[in-house]
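Heavy atoms only: backbone and side chains are in, while hydrogens, waters and symmetry mates are out.
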Amino acid sequence: MFDTATLAAYLVAAAVLVLIPGPGTAWIVTQAATGGTARGVRAAFGLETATLIHALAAGLGLSALLATSAMAFEVLKYAGAAYLIWLGIKAWRSKEDAAPTAAETDAPAVATSDVYLRSVITGVLNPKVALFFLAFLPQFVHPERGYVWLQFLVLGALLSLIGFSHSLMLSFAVGRFGRRFGRHFSSGAGRWKQRVTGSVFIALGLRLAVQQRG
């Protein structure tokens, strides 16, 4: 379904994007710091469930167009490339730190029984996440190989697995060391993270712009 080069490029890009702190990381840190490891793990399950939902929705919504219409492929390709490059430029110009702040790690967590559902809803209803999936995943999909929706789902599952592994380690670390870890994590974050994020997005956008349908 995927050639080695495509899969390797995707795994590297996905790992880099997961490791760069963002809103999802802040959510995990907040829940684990205020409610312990178990709460952080529940939050991680919820966020990655949302990841799979977005991947499947993108696959079902785009599979027919990508498989049958060369024009749709080109439009999606350039729209996605422009969106990723815009995200990269925005990240480079941003002066705000994407890592969780001390205020966020001190914020009260939702009830333990509601953490999973709240995490799923938060992820699913985030339009920026949906747009990102529409721009990010298609560049690694090959319509000529068939089962486009399945390719989307596999890529989403791999991203979810990487994300969950990262969130799991983060939950255990924060759950053990509590708010002290959260504050240290926050104070160690700097502008370089925004620049790394921006560079990754711009590189992905340029890659998508020169990609051929095959």
Legend entry - Point-to-point distance, once rounded to the nearest 0.5 Å, from CD1 of Ile28 to CG of Leu168: 9.5 Å

Inset, instruction - Under the side-chain contact (heavy atoms from CB on, under 4.5 Å) rule, what do His54 and Leu137 come out as? Steps first, then yes or no, please. - result: CA-CA 10 Å; His54 276 294; Leu137 292 189; over 6 Å; no

Inset, instruction - Measure the spacing between CZ of Arg42 and CG of Leu47 and express it to the nearest 0.5 Å. - result: 14.5 Å

Legend entry - Heavy-atom closest contact (Ala55 atom, Gly156 atom, distance): CB-CA, 3.6 Å

Inset, instruction - Anything under 30° is parallel, anything over 60° is perpendicular, the rest tilted; go ahead and classify Phe164 against Phe45. - result: tilted

Legend entry - Pairing of Arg145 and Asp3 as salt bridge, 4.0 angstrom limit: yes

Inset, instruction - Report yes if some heavy atom in the side chain of Ile162 is under 4.5 Å from a heavy atom in the side chain of Leu19; otherwise report no. - result: no

Inset, instruction - Determine, using the 4.5 Å side-chain heavy-atom cutoff (strictly less than), whether Leu206 and Ile89 are members of one ILVMFWY cluster. - result: yes

Legend entry - Approximate separation, where rounding is to 0.5 Å, of Leu153 CG and Ser160 OG: 10.0 Å

Inset, instruction - Look at atom CZ of Phe2 and say whether more than 12 heavy atoms of other residues, nucleotides or ligands are closer to it than 6.0 Å. - result: yes

Legend entry - Side chains of Val41 and Thr37 in contact at under 4.5 Å (non-hydrogen atoms): yes

Inset, instruction - List the atom of Ala43, the atom of Gln31, and the distance in Å for their closest heavy-atom pair. - result: CB-CG, 4.0 Å

Legend entry - Any donor-acceptor pair under 3.5 Å from Gln151 side chain to His142 backbone: yes

Legend entry - side-chain contact (heavy atoms from CB on, under 4.5 Å) evaluation trace for Thr49 with Val124: CA-CA 9 Å; Thr49 298; Val124 168; over 6 Å; no

Legend entry - 4.5 Å side-chain heavy-atom contact, Leu159 and Glu48: no

Inset, instruction - Say whether Trp27 and Leu52 are linked into one hydrophobic cluster, either directly or through other cluster members, by side-chain heavy-atom distances under 4.5 angstrom. - result: no

Inset, instruction - Determine whether Tyr116 and Phe172 fall in the same hydrophobic cluster, where Ile, Leu, Val, Met, Phe, Trp and Tyr are linked whenever their side-chain heavy atoms lie under 4.5 Å apart. - result: yes

Inset, instruction - With rounding to the nearest 0.5 Å, note down the distance linking CG in Leu155 to OH in Tyr10. - result: 5.0 Å

Inset, instruction - Look up atom CZ in Phe152 and atom CG in Leu56, then write down how far apart they are to the nearest 0.5 Å. - result: 10.5 Å

Legend entry - Approximate separation, where rounding is to 0.5 Å, of Arg39 CZ and Asp114 CG: 9.5 Å

